[in-house]
2 protein chains.
Amino acid sequence: MEKPATLWDRSRQAVVAEIVDTALTLFAEQGYEATTMAQVAARAGVSQRSLFRYFGTKEDLVCGEQDALGELLVATVAAQAPEVSAWDALRAGFTAILTASGHTPERVLEISTLIFANPPLRARYFEKRLKWQRALTPVIEKRMGIEPGEIPDPGAMGLIATVFACVDTASELWVRHGGKADPFELYEQALAAVRD
Amino acid sequence: MEKPATLWDRSRQAVVAEIVDTALTLFAEQGYEATTMAQVAARAGVSQRSLFRYFGTKEDLVCGEQDALGELLVATVAAQAPEVSAWDALRAGFTAILTASGHTPERVLEISTLIFANPPLRARYFEKRLKWQRALTPVIEKRMGIEPGEIPDPGAMGLIATVFACVDTASELWVRHGGKADPFELYEQALAAVRD
DNA sequence: CGACAGGTTGGCAGTGACTGCCAACCTGGC
DNA sequence: GCCAGGTTGGCAGTCACTGCCAACCTGTCG
């Protein structure tokens with residue numbers, strides 16, 4: 001659909017990435033809440049005003065790129081063959097996210113640790129996930145043979161919420177193991193306990 | 001354990017309740033984010049400083065009393081007979097919360113609607129729930145015959161997270177039905193879709 | 001009754017995230 | 001050279017929240 005990828009766009013991307021980099025460095029040096037937006041702006045060489053134009057909130061310095069991942073998740077789930085179960089479709093979606101994040105595992109671990117350690121970040125992350133869940137509801141309802149209506153079906157919503165809960169569980173344990181455990185296996189273990 | 005219930009304690013309780021009342025009224029009149037803490041303080045007849053001493057954060061005006069419910073939840077789950085399954089123990093815990101909240105259903109609906117409609121409140125609620133989940137982990141691990149260790153068991157964590165996810169699903173749908181649906185049934189429907 | 005200790009309150013000034021507004025600037029097309 | 005549209009930076013303001021200090025209230029002991 002949209003594929004011009006202007007020079008302007010790319011340079012903006014670069015600026016954003018650089019700001020995120022300096023922010024993460026500062027967060028690692030001083031901690032998240034001890035770092036002010038003014039500091040980030042100063043070290044990144046932009047005005048505070050522009051920093052807020054780029055990111056809107058301090059949390060989005062860390063959680064900002066997740067919107068794109070959410071779209072990928074929904075698209076991947078929707079693209080699964082109709083005979084694939086809701087469970088497997090969702091697993092495929094999360095697998096796609098994990099493999100397509102475009103970061104090194106160390107970077108992912110760093111960001112995840114930051115998020116799990118800071119309540120405001122965790123809250124923001126959760127909020128975004130909620131949007132993903134809402135977007136997935138009609139997709140999963142269709143896959144379960146339920147006619148999407150005004151108010152979502154409890155079964156579909158519960159199933160989605162459960163998968164997210166297990167993904168969260170796996171993520172948190174992965175972080176607490178310092179990235180040394182296999183996230184897929186953790187996810188399977190969590191889900192196995194749920195599904196008998 | 002602690003049961004003196006000083007006069008002082010009770011009067012403080014009354015003050016807190018009255019402040020919450022005026023706050024909820026203001027939120028209903030103008031919306032949550034359009035209401036400032038200064039307004040709440042003024043109408044409740046306390047200084048802004050004391051208001052923050054009572055509640056700490058604006059969100060706690062709405063979510064403050066949940067700490068007590070969390071303790072009730074954990075205690076109820078722990079008190080179930082050992083042969084009761086983890087699922088049933090958790091259900092008993094949530095049932096206890098629902099019946100012991102000490103509010104009229106209309107009030108519960110009002111508060112729930114407020115929480116579901118305002119991201120910051122929802123985030124705060126989620127944060128508190130996380131603490132409940134962590135407190136429940138060893139209890140459920142024991143019930144599942146798992147030796148509690150340094151890092152929680154994926155199965156136990158996943159099971160707990162799933163129950164919370166389904167409770168959340170039921171709550172949200174209950175709110176979206178304007179309180180006209182049976183929350184227990186919504187919960188059962190959500191869980192049924194998860195457990196085949 | 002008066003002095004005293006401990007906890008509670010209110011005001012005040014400050015910090016930090018975030019926003020609206022406006023002027024300066026930079027870019028491309030004519 | 002000039003103009004329209006979008007981008008930036010600075011400035012002042014709002015609001016949640018905090019530390020500090022002085023005033024106060026309450027109960028206790030002498």
Side-chain angles (χ1 to χ4, degrees), chain A residues 2 4-20 22-24 26-27 29-64 114-115 118-125 127, chain B residues 2 4-20 22-24 26-27 29-64 114-115 118-125 127:
Chain A
E2 299 265 8
T6 331
L7 170 85
W8 182 90
D9 279 330
R10 269 178 287 126
S11 76
R12 175 168 181 123
Q13 277 301 103
V15 172
V16 166
E18 203 183 313
I19 294 177
V20 169
T22 65
L24 288 181
L26 277 170
F27 293 159
E29 286 175 12
Q30 320 174 333
Y32 173 74
E33 77 160 24
T35 305
T36 75
M37 288 298 267
Q39 284 175 32
V40 176
R43 192 178 292 190
V46 293
S47 77
Q48 207 167 334
R49 193 67 190 82
S50 292
L51 180 58
F52 276 106
R53 265 196 279 261
Y54 278 121
F55 291 95
T57 71
K58 188 180 179 184
E59 294 99 50
D60 277 353
L61 281 169
V62 180
C63 301
L114 202 57
I115 292 178
N118 293 89
L121 287 175
R122 202 163 171 157
R124 186 92 183 88
Y125 170 70
E127 214 178 304
Chain B
E2 300 266 9
T6 331
L7 170 87
W8 182 89
D9 278 330
R10 269 177 286 127
S11 76
R12 177 172 180 119
Q13 278 301 105
V15 172
V16 166
E18 202 183 312
I19 294 178
V20 169
T22 64
L24 289 181
L26 277 169
F27 294 159
E29 285 174 14
Q30 320 173 332
Y32 174 74
E33 79 160 25
T35 305
T36 76
M37 288 299 266
Q39 285 175 34
V40 176
R43 192 177 292 190
V46 293
S47 77
Q48 209 167 331
R49 194 66 190 81
S50 292
L51 180 57
F52 276 106
R53 264 196 279 259
Y54 277 121
F55 292 94
T57 70
K58 188 181 179 185
E59 294 100 48
D60 277 353
L61 281 169
V62 181
C63 302
L114 202 58
I115 292 177
N118 293 90
L121 286 176
R122 201 160 173 157
R124 187 89 182 88
Y125 171 70
E127 214 178 302

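The figures that follow rest on heavy atoms only: side chains count, while hydrogens, waters and symmetry mates do not. Reminder, nothing fancy here: chain letters follow the sequence lines and each chain counts from 1.
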Discussion item. If you apply the rule side chain to side chain contact (heavy atoms under 4.5 Å, CB included), what do you find for Tyr125(B) with Glu59(B), and how did you get there?
Written reply: CA-CA 9 Å; Tyr125(B) 171 70; Glu59(B) 294 100 48; over 6 Å; no
Practice prompt. Give the intermediate values and the outcome of side chain to side chain contact (heavy atoms under 4.5 Å, CB included) for residues Leu61(A) and Met37(A).
Written response: CA-CA 10 Å; Leu61(A) 281 169; Met37(A) 288 298 267; 3.7 Å; yes
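Taking both residues in full, the closest heavy atoms of Thr35(B) and Lys58(B) are given as O-NZ, 2.7 Å, listed atom of the first, atom of the second, then distance. The shortest heavy-atom contact between Leu114(A) and Phe27(A) is CD2-CD1, 3.9 Å.
Contact annotation: the side chain of Val16(A) approaches that of Phe55(A) to within less than 4.5 Å [non-hydrogen atoms, C-beta and beyond].
Interface residues of residues 47-56 of chain B facing DNA chain D, ordered by number: Arg49(B), Phe52(B), Gly56(B); criterion, heavy-atom separation under 4.0 Å.
The number of heavy-atom neighbours closer than 6.0 Å to CD of Gln30(B), taken from other residues, nucleotides and ligands shown, is above 12.
Residue Val46(B) has its side chain nearest to dG10(C) when only dC18(C), dC17(D), dG10(C) are considered.
Remark: C1' of dA17(C) and CZ of Arg124(A) are 14 Å apart, rounded to the nearest angstrom. The CG atom of Leu61(B) sits 12 Å away from the C1' atom of dA16(D) (whole-angstrom rounding). Between the P atom of dG16(C) and the CD atom of Gln30(A) lies a distance of 11 Å, rounded to the nearest Å. Between the CD atom of Gln39(A) and the P atom of dG16(C) there is a distance of 8 Å, rounded to whole Å. As a whole-Å value, the separation of Met37(A) CE from dG9(D) P is 14 Å. Across the protein-nucleic acid pair, Arg12(A) atom CZ and dC26(C) atom P stand 18 Å apart, rounded to whole Å.
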